[in-house]
Amino acid sequence: MDNRPIGVFDSGLGGLTVVKELMRELPGENIVYFGDTARIPYGTRSRDIVTKYSSQSIRFLMSMDVKIAVIACNTVSAGSFEALSSAFDLPLVSVIHPGARAAVEATQNGRIGIIGTEGTIRSKAYPKAIQSLNPDILVLDQACSLFVPIVEEGWSDTEVARLTAMRYLEGLSREKVDTLVLGCTHYPLLEKTISSVMGSDVRLINPAVNTACRVGEILGNTHKLNDSKGQSAVQFYVSDFGQRFQAIGSHFLGRKIVAECIDIEAY
Ligand code: DGL
């Protein structure tokens with residue numbers, strides 16, 4: 001048994017979609033969350049910079065004595081997972097394979113769409129993961145760079161979001177994908193808007209759901225689940241101003257959150 005917290009990090013508030021699923025799946029676990037609000041977005045940056053920023057996030061989480069770190073950010077998971085896994089002596093969990101597996105299990109017509117940041121789409125990590133599970137599946141992908149600023153602005157349920165989604169998603173709709181992977185942690189906050197554009201018969205996959213199950217499996221298999229019956233705690237840290245993070249995050253998680261600002265450059 002290991003009662004140390006689970007670490008989770010992302011470039012901003014998107015990773016709260018993973019925290020929400022972890023809280024549902026593993027309610028007894030303590031969580032430390034870091035959102036790199038000073039340096040968002042990651043999705044338009046080079047792999048080397050993203051790896052450097054993520055290394056600092058992992059060092060911060062290690063300083064908080066986490067037992068495992070969940071790379072909530074798809075951009076980091078897609079481009080930097082191997083480099084980070086070999087650099088750190090800490091179990092790391094990526095969101096790509098859990099998301100790919102859920103999509104393969106969901107599709108009926110063998111046509112899967114992937115949406116994500118430029119970095120995630122460029123890496124081809126999702127198509128590779130899906131085709132390693134089933135090479136007969138057709139995978140179509142689309143970068144949706146404006147979705148992250150729309151979510152960070154708190155505009156997820158607005159006409160701006162709907163028109164942007166229509167423009168980005170028209171090709172995938174035309175290609176009749178029946179399953180769409182929300183390959184960026186911010187996108188589940190746009191779920192209603194994306195679903196209204198794609199139609200209710202298209203299955204939306206939030207990789208956070210299967211990722212939380214995967215974390216539970218790893219902790220179970222390695223006898224590291226938290227066995228204390230006390231109240232679990234979630235702590236939030238950011239690298240710049242916490243106000244917007246706190247406001248949108250509290251709304252999303254349905255509970256008031258308070259974030260402490262840290263100097264990530266010190267890690
Ligand atoms: N949340 C990140 C992801 O899942 C993207 C946001 C960003 O560009 O920083 O890829």
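Whatever order the structure lists them in is the order used to number ligands and atoms, beginning at 1. We count residues from 1, following the sequence as given.
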Requested in this report: Would you check if the side chain of N3 reaches a backbone N or O of D227 as a donor-acceptor pair within less than 3.5 Å?
Outcome: yes

Query - Backbone of I137 reached by a side-chain donor or acceptor of Q131 within 3.5 Å - result: yes

Please write down residue, atom name and distance for the protein heavy atom closest to [atom].
atom                    : result
atom 8 (O) of ligand 1  : G43 N, 2.8 Å
atom 6 (C) of ligand 1  : S11 OG, 3.3 Å
atom 10 (O) of ligand 1 : T75 OG1, 2.6 Å
atom 1 (N) of ligand 1  : T185 OG1, 2.6 Å
atom 2 (C) of ligand 1  : C73 SG, 3.3 Å

Numbering as shown, the atoms of ligand 1 that approach [X] to under 4.0 Å (heavy-atom distance):
X    : answer
T117 : 5 (C), 8 (O), 10 (O)
N74  : 3 (C), 4 (O), 10 (O)
D10  : 1 (N), 2 (C)
P41  : 7 (C), 8 (O), 9 (O)
Y42  : 7 (C), 8 (O), 9 (O)
H186 : 1 (N), 6 (C)
I40  : 9 (O)

Please determine, by modelled atom types, if [X] and [Y] share a side-chain donor-acceptor pair under 3.5 angstrom.
X    : Y    : answer
S80  : S54  : no
T185 : D10  : yes
T37  : D240 : no

Query raised in the report: Quick one: which of F9, F34, F60, Y42 gives a ring-ring contact (aromatic ring centres under 6.0 Å, His included) with Y53?
Result: Y42

Report task. For R167 and E170, work out which heavy atoms get closest and say how close. Result -> O-CG, 3.7 Å

Requested in this report: Taking all heavy atoms of P207 and all of G99, pick out the closest pair and write down the distance.
Outcome: CB-CA, 3.7 Å

